[in-house]
Amino acid sequence: MRLFHCGHCGSLVFFESFRCVHCGSALAFVREHMDMLALEASDEAPGLWKRKEPRTGLQLTHEHTSNAGVSEAEDSYLRYRMCADRSRYEACNFALIATPDTPEDALCPACSQTRVLPDLTVPDNVRRWARIETDKRRLFYLIVRLDLADLPGETGPVFEFLADLPGADPVLTGHAGGVITLNVAEADDDERARRRLAFNEPYRTLAGHLRHEIGHYFWDVLIARGEQKLDAFRALFGDERLDYAGALSDYYLRTPMAASAWQDEYVSAYATAHPWEDWAETWAHYLHIVDLLETAKSFDTQISVPSPLGDEHFTMIDPFMMPPPPFESMLAALVPATLLLNSLTRSLGQNDAYPFALSTGAKKKLHFIHQLVSERRIDAAARALSTQPHAAPSTDT
């Protein structure tokens, strides 16, 4: 996630911020600008907000501040409404551009994707749901930045966040037909750690769950409904027509697996269960890489690795640059970034934050996904360019 700055005082703020801790300004992320805006209440109508001007004497540039996507002309008339989940539960920090038709209880584009919630009269469920939505907003940001949102003919995905109920079958995290289901118990660190140990996993996070499950959705969208990619997919990941239920049953019977059984070709042990799971695990890992590299680039990270054989110097790469960067360049930046990351976490007595070693086989699958996403990004850029108004031809003689 890139860095953001308060549009009023210029201080550093974060994607999860609700208020600037330095000047107290209300903050909200607005999808149309892909930026955090510093807002203040408008006296035009209840619930309306407007951009807060930079404080006197502060010179802010678009490069280093929020509100970078708002032109001066727009500033004079754009008004916003906070997502209803902010006013009701303090569970969202997104806002919408207000129109005369925007209801006072409107949900932001991210929260509107959630169609089923657990019983919010249970206090713990509010906390769990709010934590999941935080990671879902990060996922939303990534999908928009990768030009994978609002694909022609697609309306999904939608999310259902459910809690186990006495006497009912346990809620299983998964995806089916564009619906992503998550058991809200995964928001509890102790429960997630218990499941990670039970399944012999090196890594289990809410972000990982959401990125994995949306990978299943994008398999439907990009592979199954784009049939020209099926042969290439099967050549790398295997034939998805393999019995899925039987494959999962077989996987759990042989868990925990010997390390040598998967590390040469897969990003994780679970990826060996079925080609669909291999795709979803690889998709999630690709999003991990993109997010990590954007964060490192946003901090202008430059890494030097001293060595008696000659120091090596690395500069981070922006994964959202256009044209899209070569995948080899992303990997070249990823290696020193994760080396530094893991060295820092070990210094604090923590396990590696990035507990992965990518094999040649896993890199080929990640490269396939990178090419697929890059094609979509290039197509989206071309469509956007084609819809821009063109200047009328000159009639001067």
Side-chain angles (χ1 to χ4, degrees), residues 1-7 9-17 20-22 27 29 34-36 60-69 134-135 137-147 202-203 205-208 211 267 283-358 362-363 366-367 369-370 373-374 377:
M1 180 63 64
R2 70 181 180 90
L3 296 176
F4 300 93
H5 295 83
C6 174
C9 73
S11 298
L12 182 69
V13 297
F14 299 95
F15 185 68
E16 296 82 8
S17 299
C20 174
V21 298
H22 296 277
L27 300 172
F29 185 87
M34 292 304 290
D35 207 351
M36 296 291 291
L60 300 177
T61 65
H62 281 182
E63 181 181 0
H64 297 107
T65 65
S66 59
N67 302 309
T134 298
D135 282 279
R137 287 194 295 276
R138 277 182 163 261
L139 176 66
F140 179 88
Y141 171 91
L142 282 174
I143 297 306
V144 173
R145 288 297 309 270
L146 291 172
D147 291 306
Y203 176 91
T205 65
L206 288 175
R211 293 171 182 182
V267 297
W283 179 276
H285 206 101
Y286 181 73
L287 295 188
H288 294 340
I289 292 172
V290 168
D291 201 352
L292 191 153
L293 289 180
E294 188 195 22
T295 303
K297 179 64 176 177
S298 186
F299 276 91
D300 195 21
T301 305
Q302 300 184 49
I303 300 174
S304 295
V305 181
S307 168
L309 301 177
D311 296 355
E312 294 184 275
H313 305 281
F314 303 91
T315 300
M316 294 299 101
I317 190 168
D318 179 4
F320 297 119
M321 65 189 294
M322 281 296 287
F327 185 65
E328 294 77 11
S329 298
M330 293 173 62
L331 285 182
L334 177 72
V335 172
T338 55
L339 172 64
L340 174 60
L341 174 64
N342 287 342
S343 297
L344 290 172
T345 55
R346 290 181 188 184
S347 298
L348 295 174
Q350 301 291 328
N351 294 330
D352 287 349
Y354 183 85
F356 307 100
L358 297 178
K363 290 175 184 176
L366 287 163
H367 190 193
I369 289 177
H370 177 68
V373 171
S374 296
R377 292 187 62 210

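Computation of the quantities below employed the complete heavy-atom set of this structure, encompassing side-chain atoms and omitting hydrogens, waters and symmetry-equivalent molecules. One-based numbering along the sequence shown. What you see is a predicted model; the values in this text were computed from it and never measured.
The aromatic rings of His285 and Phe356 stand perpendicular to each other, their planes meeting at an angle above 60°, with 30° marking the opposite boundary.
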Extract all donor-acceptor atom pairs below 3.5 Å that involve side chains of residues 321-340 and protein atoms in other chains or at least two apart in sequence.
unit_1 : atom_1 : unit_2 : atom_2 : d
Thr338 : OG1    : Leu334 : O      : 3.0
Thr338 : OG1    : Val335 : O      : 3.1

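Scanning all heavy atoms of the two residues, the minimum distance from Leu27 to Cys20 falls at CD1-N, 3.5 Å. Of all non-hydrogen atoms in Tyr203 and Gly208, the two that sit nearest each other are CE2-CA, 4.4 Å. For the residue pair Asn342 and Thr345, the shortest heavy atom distance occurs at O-OG1, 3.0 Å. Across every non-hydrogen atom of Pro306 and Ser304, the tightest pair is CD-O, 3.4 Å.
Under the side chain to side chain donor-acceptor pair (under 3.5 Å) criterion, Tyr141 pairs with Arg145, Glu294, sequence neighbours left out. In this structure Ser347 satisfies the side chain to side chain donor-acceptor pair (under 3.5 Å) test with no other residue, sequence neighbours excluded. Remark: Thr301 pairs with Ala296, Phe299, Ile303, Met316 by the side chain to side chain contact (heavy atoms under 4.5 Å, CB included) rule, at least two apart or across chains. Residues passing the side chain to side chain donor-acceptor pair (under 3.5 Å) test with Asp352 are Arg346, sequence neighbours excluded. With sequence neighbours left out, the side chain to side chain donor-acceptor pair (under 3.5 Å) criterion links Ser17 to no other residue.
Around CG of Asp311, the count of heavy atoms belonging to other residues, nucleotides or ligands within 6.0 Å exceeds 12.
Atom CG of Leu366 is separated from atom CD1 of Ile289 by 5.0 Å, given to the nearest 0.5 angstrom.
Annotation: side chain of Leu146 is in contact with side chain of Arg377 (closest heavy-atom distance under 4.5 Å). A heavy-atom distance below 4.5 Å is not found between the side chains of Lys297 and Arg2. In this structure, Arg211 and Asp291 have side chains that are in contact, with non-hydrogen atoms separated by less than 4.5 Å. Between Thr205 and Asp135, every side-chain heavy-atom pair lies at or beyond the 4.5 Å cut-off. Contact of the Val290 side chain with the Phe320 side chain is registered, since non-hydrogen atoms from C-beta on lie closer than 4.5 Å.
Checked for salt-bridge contact, Glu16 and Arg137 miss the test: no charged N lies under 4.0 Å from a carboxylate O.
Tested against Phe29 for a ring pair (Phe, Tyr, Trp, His ring centres under 6.0 Å), the candidates Phe15, Phe140, Phe14 yield a single pass: Phe15.
Of the possible polar contacts, one joining the Thr295 side chain to the Met1 backbone as a donor-acceptor pair under 3.5 Å is found.
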